[in-house]
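All values reported here derive from a predicted model rather than from experimental measurement. First the proteins, then the strands, lettered A, B, ... as listed; each starts at 1. Computation of the quantities below employed the complete heavy-atom set of this structure, encompassing side-chain atoms and omitting hydrogens, waters and symmetry-equivalent molecules.
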Number of protein chains: 2
Amino acid sequence: MMELTRKGEYAIRGIIYLAQQPPGRVSLISEIAAAAEVPQTFLAKIFQSFAKLGLVTSSRGTGGGFVLARPASAITLREVVEAVEGPILPNRCLLGSACDRGGPCRVHAVWKQVQTEVVHILDGVTIDTLARNQDS
Amino acid sequence: MMELTRKGEYAIRGIIYLAQQPPGRVSLISEIAAAAEVPQTFLAKIFQSFAKLGLVTSSRGTGGGFVLARPASAITLREVVEAVEGPILPNRCLLGSACDRGGPCRVHAVWKQVQTEVVHILDGVTIDTLARNQDS
DNA sequence: ACCTTTAGGACCAATTTGATCCCCTTTATA
DNA sequence: TATAAAGGGGATCAAATTGGTCCTAAAGGT
Ligand code: SF4
Ligand code: SF4
């Protein structure tokens, strides 16, 4: 239950690589894909989502590629995950106001709590933390 | 992300109904399905899982049906969810010891934390709590 | 025997996931 | 102003998962 999909895993690996580059350095999608060991065309889609959400800046043409749009310390794991997997939502009923049955039941509050906790954890982790190498 | 499937939702609704019955009262799957508004044959499968895991006791033939195998206060929401959805596992790498890539990365610890938190929340909720009606 | 009720497996349609391909647009520069 | 080098976006597709049905067998009561 609650498994991250490949897309989410790839997204994280990809943006971590980008965060490990010298600030301002432009990376090609082919380069990122190779480094993160992810199918290139698939990763391209993922980075399109990133760009649309303003996590990364993309530029086309010769010399184009991707750069982080903000410092890695200002991008949270939650943003990255939600960019490709959609909102953290343990139960559908957390989106629509009420249940399709007779009003929200007691389980509702539990899912709400799960959602809150997970969001909190993921909000507390920034990409620069993840990008730091094992050593130190 | 992290959505409970129909199966999980049905499982919870079904076992809550069972918990709301007078202790020892045997319920037919048809009765539970009608009350919980769940496809009967599908719910039957779910209760089979419950039975195999010892959450409910089943008996066949005339007068047969399902009863909780333990008091509702001794069945946690986690048990119910895991019975049908499998273990709480935010990332595959939490199951196999190490990653298929170069050893567990820093993200690993985050997923571990998510898992621990969610398990903790779900372990803290018992079915009798959920079964109590809105009033009081 | 016969009816009732769960057990278990086979089976199936719809959806989601994981991925590839192709053509378009943008941009630098020869 | 070609032309090559990127990314953008849509169509498409196979595999896996989800959601659900059906049928037969086994067990238990009368
Ligand atoms: S039954 Fe409860 S948990 Fe399920 S959808 Fe309705 S309010 Fe949400
Ligand atoms: S890259 Fe990190 S989070 Fe992903 S599977 Fe490997 S250890 Fe787990």
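- No side-chain heavy atom of B/T76 sits less than 4.5 Å from a side-chain heavy atom of B/V80.
- Between A/T5 and C/dG18, a side-chain N or O to OP1/OP2 separation shorter than 4.0 Å is present.
- Of all heavy-atom pairs between A/V26 and A/G63, the closest is CG1-O, 3.9 Å.
- A donor and an acceptor atom sit less than 3.5 Å apart, one in the side chain of A/Q48 and one in the base of D/dG9.
- Across all strands, A/S30 comes closer than 4.0 Å to no nucleic acid atom at all (heavy-atom distances).
- Following rounding to the nearest Å, B/E3 (CD) and C/dT15 (P) show an atom-to-atom distance of 15 Å.
- Considering only side-chain N and O atoms, B/T62 lies nowhere under 4.0 angstrom from the phosphate OP1 or OP2 of D/dG29.
- A close approach under 4.0 Å does occur between a side-chain nitrogen or oxygen of B/Y10 and OP1 or OP2 of D/dG20.
- Going from atom CD1 of A/I46 over to atom C1' of C/dT17 covers 12 Å, rounded to whole Å.
- In this entry the distance linking CZ of A/F50 with C1' of D/dG7 reads 15 Å, nearest Å.
- Under 3.5 Å, the side chain of A/R60 and the base of C/dT26 form no donor-acceptor pair of N or O atoms.
- Taking only distance into account, the side chain of B/K45 never meets the base of D/dG20 through a donor-acceptor pair shorter than 3.5 Å.
- Remark: A/S58 is in phosphate contact with D/dG8, judged by side-chain N or O atoms under 4.0 Å from OP1 or OP2.
- The separation between A/F47 atom CZ and D/dG7 atom C1' is 12 Å, rounded to whole Å.
- Where B/E85 and B/P39 each meet DNA chain D at their nearest nucleotide, the meeting point lying more 5' is that of B/E85.
- By the 4.5 Å heavy-atom criterion applied to side chains, B/L18 and B/V67 are not counted as neighbours.
- Put simply, CZ on B/F42 is 17 Å from C1' on C/dA7, counting in whole angstrom units.
- For A/R6, whose side chain is taken as the heavy atoms from C-beta onward, the closest listed nucleotide among C/dA19, D/dG8, D/dG19 is C/dA19.
- Note: A/M2 CE to B/W111 CH2 = 8.5 Å, rounded to the nearest 0.5 Å.
- Counting heavy atoms from C-beta outward, B/F47 and B/I32 have side chains that approach closer than 4.5 Å.
- Between the CG atom of A/L4 and the C1' atom of C/dT16 there is a distance of 15 Å, given to the nearest Å.
- One atom, CD of B/E9, and another, P of D/dT18, lie 16 Å apart when rounded to the nearest Å.
- Distance NZ (B/K52) to C1' (C/dG8): 8 Å, rounded to an integer number of Å.
- Residue contacts shown for B/F66 are limited to sugar-phosphate atoms, with no base heavy atom under 4.0 Å away.
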